[in-house]
2 protein chains.
Amino acid sequence: MRTEARLSPRPSNPLTREALLDAARLEFARSGLDHARVEDIARRAGVSKGAFYLHFDSKEDAFREILQRFLGVLEEQTTRRREAELAFEREVGRPGIGATLEQLMQHDCRLDTELLEVLWRNRVILAALDRATGQPYLQMVADFRRRMRQLVAGHIALNQGEGWLRGDVDPEVVGDVIVGAFESYGRRMVDLRAKPDLGAWSRAFLTLLYQGLFSPAAQRPPTGPPGASD
Amino acid sequence: MRTEARLSPRPSNPLTREALLDAARLEFARSGLDHARVEDIARRAGVSKGAFYLHFDSKEDAFREILQRFLGVLEEQTTRRREAELAFEREVGRPGIGATLEQLMQHDCRLDTELLEVLWRNRVILAALDRATGQPYLQMVADFRRRMRQLVAGHIALNQGEGWLRGDVDPEVVGDVIVGAFESYGRRMVDLRAKPDLGAWSRAFLTLLYQGLFSPAAQRPPTGPPGASD
DNA sequence: CGCATTGGTGACCACGCGGTCATTATTCTC
DNA sequence: GAGAATAATGACCGCGTGGTCACCAATGCG
């Protein structure tokens with residue numbers, strides 16, 4: 001009687017779910033989670049309000065899926081980055097031992113630019129996050145931020161131990177600076193029309209981070225204590 | 001008929017308005033502008049919902065006042081800071097010409113710490129802003145952020161022209177980094193119980209900003225091009 | 001002490017939107 | 001083409017809360 005083969009007399013449009021998510025991203029970016037109307041999301045996706053609820057339990061449900069996907073992508077990006085950093089140290093070395101600062105910066109620059117590419121592709125979500133309320137989602141973002149900060153701080157502390165990063169800067173502060181800078185730039189991307197030169201930003205950022213603002217031409221003697229020039 | 005002297009047979013409690021603003025700050029920080037209930041704000045201030053509307057036209061009105069006061073304080077802080085920076089350059093000099101980097105950093109450190117003090121005192125508002133929606137208010141914050149970024153970028157560009165800040169870092173990027181770092185740290189303050197050592201953060205931040213992460217012990221020759229150490 | 005005046009109260013209204021469900025449209029099988 | 005099964009629709013309901021307003025309370029004045 002082939003009762004097991006009869007699955008769906010009228011299969012649902014497989015594109016609808018993704019269309020709804022796309023529409024939701026735009027509406028969330030425009031109005032935030034609270035003010036976005038399910039009606040509008042559905043209409044933008046070309047279906048009715050009822051159809052929305054065939055794919056999601058609630059408005060929050062859709063938002064959660066969008067947020068989780070995004071954080072997942074960032075997570076994966078972070079994992080890849082860590083592996084690339086370890087590989088670089090294994091295969092090339094670290095500054096002073098087999099590698100120059102310039103080589104390291106070129107490598108970091110590629111990785112930072114990749115991350116910025118991810119942020120650029122998902123800038124609509126960045127806009128949505130800025131307008132989002134609701135403890136669970138803010139909590140997820142806050143937790144992610146904290147993890148990133150700790151990751152950075154751990155990385156810095158490790159390399160301070162290795163001796164090639166200066167030890168008189170609290171790694172936690174470096175975490176604030178790096179996470180803050182990316183977030184700041186990401187927020188700025190939101191209302192850019194054309195894609196900016198992400199590589200140039202990375203380059204400048206890394207120069208600032210590793211070398212500092214103070215002009216090398218006026219730099220004091222490398223190891224001497226300050227306060228003896230007037 | 002002394003109609004001009006009879007002003008208020010029953011004067012309103014002059015503390016009520018401020019109590020309402022305090023309560024509103026807390027509720028906004030807890031629940032955000034949208035989810036905070038006027039009822040709760042009023043009860044927390046010890047009055048009824050109706051009394052709230054004797055002092056404010058709407059919930060948004062109270063929020064606007066809170067936001068404007070805060071931005072005003074930041075604005076004033078910024079003005080004072082600019083004046084202090086000009087005074088320092090006028091009275092002491094700039095690195096290389098009458099002042100050492102250490103002197104400049106001590107001065108900047110005081111100013112940065114003052115700004116952090118302001119953020120610390122207003123950390124409830126920082127929490128509220130994180131949970132706020134509504135175009136006008138987000139716009140105000142976004143505009144303020146942009147102004148700050150431009151202020152920083154202009155300051156950096158100027159001093160690059162003076163020669164004591166390295167010219168190969170886009171001032172706009174420095175703006176992202178500085179504004180982002182303060183915002184990042186401010187956001188972290190929100191869920192700290194005890195007041196952290198703001199001076200230490202400033203010190204570490206400025207060291208990072210001016211000197212960079214790269215260890216001075218391993219620093220390459222001041223003016224020579226990189227890539228000659230292996 | 002009574003009256004006028006204004007502060008203060010909270011039950012109530014109105015409205016907007018999230019979510020439901022009876023109904024209709026579509027697509028599959030036989 | 002009939003019938004079954006399911007996708008899709010949109011009118012409708014319910015709820016929560018912002019804002020109002022008739023009413024009460026406190027205070028100054030004569």
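Convention: sequence-line order gives letters A, B, ...; per-chain numbering from 1. Side-chain atoms are counted along with the backbone in the values below, which use heavy atoms only and exclude waters and symmetry mates. Note that the structure is a prediction, hence the values are computed from the model and not measured.
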**OP:** Please determine, for the side chain of A:Ser12, which listed nucleotide (D:dT20, D:dT9, D:dA7) has the closest atom?
**Re:** D:dA7
Original post:
Just checking A:Ala36: base, sugar-phosphate only, or nothing, at a heavy-atom cut-off of under 4.0 Å?
Top reply: sugar-phosphate
Subject >> Gap between atoms CG and C1', on B:Asn13 and C:dG7 respectively (whole Å) >> reply: 10 Å
**OP:** Calculate the interatomic distance between A:Phe52 atom CZ and D:dG10 atom C1'; express it in whole Å.
**Re:** 16 Å
Subject >> Nucleotide D:dG19, atom P - distance to CD1 of B:Ile41 in whole Å >> reply: 11 Å
Subject >> B:Arg80, CZ: over 12 other non-hydrogen atoms inside 6.0 angstrom >> reply: yes
**OP:** Return the nearest nucleotide to the side chain of A:Ala51; candidates are D:dA8, C:dG8, C:dC17.
**Re:** D:dA8
**OP:** State whether a side-chain donor-acceptor pair under 3.5 Å links A:Trp201 with B:Asp176.
**Re:** yes
Original post:
According to a strict under-4.0 Å criterion, is A:Arg10 in side-chain N/O contact with OP1 or OP2 of C:dC28?
Top reply: no
**OP:** Round to the nearest Å and state the distance from A:Glu27 atom CD to C:dG18 atom P.
**Re:** 11 Å
Original post:
What is the distance, rounded to the nearest whole Å, between atom CZ of B:Arg43 and atom P of C:dG8?
Top reply: 18 Å
Original post:
Is it the case that more than 12 heavy atoms not belonging to A:Gln135 sit under 6.0 Å from its CD atom?
Top reply: no
Original post:
Phosphate oxygens OP1/OP2 of D:dT9: is one of them under 4.0 Å from a side-chain N or O of A:Ser48?
Top reply: yes
**OP:** Could you tell me whether B:Lys49 contacts a base, only the sugar-phosphate backbone, or nothing, with contacts defined as non-hydrogen atoms closer than 4.0 Å?
**Re:** base
Original post:
Between D:dG19 atom C1' and B:Lys59 atom NZ, what is the distance in whole Å?
Top reply: 11 Å
**OP:** Indicate yes or no for a side-chain donor-acceptor contact from B:Arg123 to the backbone of B:Trp120 under 3.5 Å, with no hydrogens or angles considered.
**Re:** yes
